[in-house]
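What follows is a set of notes on a single structure, which appears directly below.
Side chains are part of it too, since the values below use all heavy atoms of this structure and drop only hydrogens, waters and symmetry mates.
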Amino acid sequence: MKSRLFLLLLSVTCSQAQASTSFPQPPELNTAVNFWVRIFTEVSQHQVVLHDRKHLEVVYNTLDFSVAAKNLDRREYFQHVRKVEQAEKDELGRILRRLAEDPNAADLPPVANSIKKKFERISEPDKFARAAERIRGQRGLYERFREAIAVSGAYLPYMEEIFAAQGLPVELTRLPLVESSFNVKAYSKSGAAGIWQFIPSSARRYMRMDEVGDDRRDPWFSTEAAARHLADDYAALNDWPMAVTAYNYGRYGIARALEEIGASSLVELIERYDGPRWGFASKNFYAEFLAALHVEQNAMRYFGPIKRDEPLRFEEVTIDHYVPFETLGRLIDLDLESFQRLNPTFSTAVIDGHLFVPPGQRIRVPRGTASTFSNAYASLDSSQRYERQRDYFVRHKVRSGETLSGIAYRYRSSVKQISRANNLSRRGFIRAGQVLKIPTGSGGKADAPRKHRVRSGETLVAIARRYHVSARDLQRLNGIAKPELLQVGAVLLLPADAGAGYVKHTVRAGQTVGSIARKYGVSVREIAALNGLTDVHAIRVGQTLKVPARAS
């Protein structure tokens, strides 16, 4: 087993990163940079700035929802914000379209004059009509940015060391201020994860992403991957403004765009290119980075004193066997939560003990404990370290008509676990013939799915009620498009936990345990055992009995 001490380069502190000529600020981007500086330092999270998507100097209004935030719950608050913001956009759109028809009309509302003044220096055909389609709302980031600066202290010294070792400008380590606000648990709608917001396709090129772990969630492993990613971006484009933008848009996309319009700079791309996915976020990514870099380097000026988190200091060891995650933490008497914080890459399957930590894995331990760990590791016997991984997955070939939720129910797994094990998109698309790895945690065997054969007169709702599940779950599990067209004789798969194994029956006058057993197709003995009946004749009208649910 190997160990390695990380000596963090603390001579360059987070607040002392020096400006670099690698990241010029063209005059054409001044307006955008100033816009983002304001969003980061002046606009609250409960404020929304309404502005022109193209001309960021055109700010129509700032909506303030501070009072609503104090008086509404989270769901009501966001519904209120969306409603008010959309109403304001609609009204601005109407005014701009009126200005497009006749900018000097006598019946224009008073606010129209102030809007006209905002466009005095903008000369483009049909500017008001076009502006009506470009109204955008930007939520303030003051609190989030201030917190991000504080949190960044835990990671920046290590990040600067890694980037400096790669010969990269250390200013690039401030990109997470834009990408994730240094939130290690950040996860976007597009499936990007971690402080560096790697999407799955990029992650697979630069790091591990499998059933054992997702290095995107690890701020240290993902930093090493981000350094390689950005180095490759620069090697392909030979220009840092374009390389930074490529981190958001893709290096091949930037290269194609440059070739398509014959451009050689980012400013030309922003002004002239109009390709797919080249939207507001990509056009503004470099300006956001410059603004974030400026604000972070001048944090005292904008926020006053900020107490940055202490750097997480650690040593690394490399293990040679398959070992349970919990065992590794116990070697240095570290609680599970603290050990996880230092090693956040591992999947739930590893943390819960269904899979082992594999050999060759770099493990972080608190600074000064590597020797203790190594000695304790060497003393582990064969019952605590293994030569092979645990069997945790079965292979399932998708058949026509199968759904991911149905497969999860069948194997007593979950959609989330299967998606993570197979690197599926958040939408969970699967296709017939595809082979999936299914986490089962049960020795690799699928449970025989429980079924119900539809009888005459039965509805999906009635069947769901019988087994104590939701009709929606039954519909999704069986791929039923129209519940009202349920066919007699159709065989429905039931959720693995349907009915907790029984249904409830209220005893009516004249009924006996024997007649109830016959009604449900079970035995008297089963009902007696399930209800703890010592005398099956001693039941009463109105009594509720549990009856074993039979697949039929």
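- For the 3.5 Å distance criterion, the side chains of Asp215 and Ser222 fail to qualify, holding no donor opposite an acceptor.
- The closest side-chain donor-acceptor pair between Ser265 and Glu268 falls under 3.5 angstrom.
- The shortest heavy-atom contact between Phe393 and Ala421 is CE2-CB, 3.6 Å.
- A donor-acceptor pair under 3.5 Å links the side-chain atoms of Arg217 to the main chain of Phe346, judged by distance alone.
- Nearest approach of Ile199 to Ser190, heavy atoms of both residues: CG2-OG, 4.4 Å.
- A donor-acceptor pair is defined here as one N or O able to donate and one able to accept, closer than 3.5 Å; such a pair exists between the side chain of Ser419 and the backbone of Val415.
- Counting heavy-atom neighbours within 6.0 Å of Asp335 CG, excluding the residue itself, gives a total above 12.
- Counting heavy atoms of neighbouring residues, nucleotides and ligands inside a 6.0 Å radius, atom CD of Glu326 does not exceed 12 of them.
- Cation-pi check for Arg136 over Phe280 is met; the charged atom lies under 6.0 angstrom from the ring centroid and within 45 degrees of its normal.
- Val184 has its side chain out of reach of Pro344: every pair of non-hydrogen atoms, C-beta onward, lies at least 4.5 Å apart.
- Taking the six-membered ring where the residue is Trp, Trp196 and Tyr247 present perpendicular rings, their angle passing 60° and hence far from 30°.
- A 4.5 Å side-chain heavy-atom check between Phe356 and Val323 finds every atom pair outside the cut-off.
- Ion pair Lys307/Glu147 not flagged as a salt bridge, since none of the NZ, NE, NH1 or NH2 atoms sits closer than 4.0 Å to an Asp/Glu carboxylate oxygen.
- Closest heavy-atom contact between Arg308 and Ala299: NH2-CB, 4.4 Å.
- Of all heavy-atom pairs between Leu56 and Trp36, the closest is CD1-NE1, 4.3 Å.
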Starting from the C-alpha separation in whole Å, work towards a yes-or-no answer on ring pair (Phe, Tyr, Trp, His ring centres under 6.0 Å) for Tyr142 and Phe40.
CA-CA 5 Å; Tyr142 173 89; Phe40 294 153; over 10 Å; no

Begin with the C-alpha distance, continue with both residues' side-chain angles, and end with the deciding distance and a verdict on side chain to side chain contact (heavy atoms under 4.5 Å, CB included) for Asn248 and Val178.
CA-CA 11 Å; Asn248 172 270; Val178 176; over 6 Å; no

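- Residues Ile430 and Leu436 meet the side-chain proximity criterion, which asks for heavy atoms closer than 4.5 Å.
- With a 4.5 Å cut-off on side-chain heavy atoms, Arg174 and Leu177 count as touching.
- The closest donor-acceptor contact from the side chain of Glu315 to the backbone of Arg367 lies at 3.5 Å or more, if one exists at all.
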Decide yes or no on ring pair (Phe, Tyr, Trp, His ring centres under 6.0 Å) for Phe145 and Tyr302, but give the supporting numbers first.
CA-CA 11 Å; Phe145 202 93; Tyr302 289 108; 9.2 Å; no

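- Between the side chains of Glu143 and Ser44, at least one donor N or O lies within less than 3.5 Å of an accepting N or O.
- The CG atom of Leu258 sits 7.0 Å away from atom CG of Leu237, with the distance rounded to the nearest 0.5 Å.
- For the atom pair OG of Ser400 and CZ of Arg431, the computed distance is 13.5 Å after rounding to the nearest 0.5 Å.
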Please step through side chain to side chain contact (heavy atoms under 4.5 Å, CB included) for the pair Gln45 and Leu141, ending with a clear verdict.
CA-CA 5 Å; Gln45 62 184 340; Leu141 296 170; over 6 Å; no

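- From Arg228, atom CZ reaches atom CZ of Arg205 across 12.0 Å, with rounding to the nearest 0.5 Å.
- The shortest heavy-atom contact between Arg251 and Asp233 is NE-OD1, 2.6 Å.
- For the pair Arg364 and Phe314, the cation-pi criterion (under 6.0 Å, within 45° of the ring axis) is fulfilled.
- A salt bridge is absent between Lys397 and Glu402; no separation between the charged side-chain nitrogens and carboxylate oxygens falls under 4.0 Å.
- Taking the six-membered ring for Trp and thresholds of 30 and 60 degrees, Tyr77 and Phe65 have ring planes more than 60 degrees apart, a perpendicular arrangement.
- Between the side chain of Gln197 and the backbone N or O of Gly194 there is at least one donor-acceptor pair closer than 3.5 Å.
- The backbone N or O of Leu156 sits nowhere less than 3.5 Å from a side-chain atom of Ser152 that would complete a donor-acceptor pair.
- In this structure, a donor-acceptor pair under 3.5 Å is absent between the side chains of Asp320 and Tyr377.
- Contact of the Arg139 side chain with the Val81 side chain is not registered, since no non-hydrogen atoms from C-beta on lie closer than 4.5 Å.
- The closest donor-acceptor contact from the side chain of Asp239 to the backbone of Met242 lies under 3.5 Å.
- Between Phe182 and Val151 the shortest heavy-atom distance is O-CG1, 3.6 Å.
- No hydrogens or angles considered: a donor-acceptor pair under 3.5 Å links the side chains of Tyr158 and Glu224.
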Check the pair Phe221, Arg362 against side chain to side chain contact (heavy atoms under 4.5 Å, CB included), reporting the backbone distance first and the verdict last.
CA-CA 10 Å; Phe221 288 153; Arg362 289 159 54 191; 3.5 Å; yes

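- With Tyr249 as the aromatic partner, Arg277 meets the cation-pi criteria of under 6.0 angstrom to the ring centre and within 45 degrees of the ring axis.
- Here the straight-line distance linking atom CH2 of Trp278 with atom OH of Tyr273 works out to 8.5 Å at 0.5 Å rounding.
- Remark: the Gln384 side chain and the His321 side chain contain no N/O donor-acceptor pair separated by less than 3.5 Å.
- Checked by atom type, the side-chain pair Arg208/Gln361 shows a donor-acceptor distance below 3.5 Å.
- In this structure a side-chain-to-backbone donor-acceptor pair under 3.5 Å is missing from Asn34 to Val37.
- Within the model, atoms CG of Asp214 and OG of Ser347 stand 9.5 Å from one another, a figure rounded to the nearest 0.5 Å.
- Judged by distance alone, with hydrogens and angles left aside, the side-chain atoms of Ser374 form a donor-acceptor pair with the main-chain N or O of Ala370 at under 3.5 Å.
- In this structure, the side chains of Leu355 and Phe325 stay at 4.5 Å or more apart for every pair of heavy atoms.
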Might you work through the side chain to side chain contact (heavy atoms under 4.5 Å, CB included) test for Asn375 and Leu331, ending with a clear yes or no?
CA-CA 9 Å; Asn375 293 333; Leu331 295 180; over 6 Å; no

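- For Asn422 (side chain) and Lys437 (main-chain N/O), a donor-acceptor pair under 3.5 Å exists by modelled atom type.
- Side-chain atoms of Tyr322 and Glu387, non-hydrogen and from C-beta on, never get closer than 4.5 Å to each other.
- With a 4.5 Å cut-off on side-chain heavy atoms, Lys283 and Leu266 do not count as touching.
- Of the possible polar contacts, none joining the Asp352 side chain to the His354 backbone as a donor-acceptor pair under 3.5 Å is found.
- Note that OH of Tyr386 is 10.0 Å distant from CG of Leu380, once rounded to the nearest 0.5 Å.
- Asn183 and Ser181 share no side-chain donor-acceptor pair at under 3.5 Å.
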Take Tyr155 and Trp220 through the ring pair (Phe, Tyr, Trp, His ring centres under 6.0 Å) test and state the conclusion after the steps.
CA-CA 8 Å; Tyr155 307 106; Trp220 300 283; 5.7 Å; yes

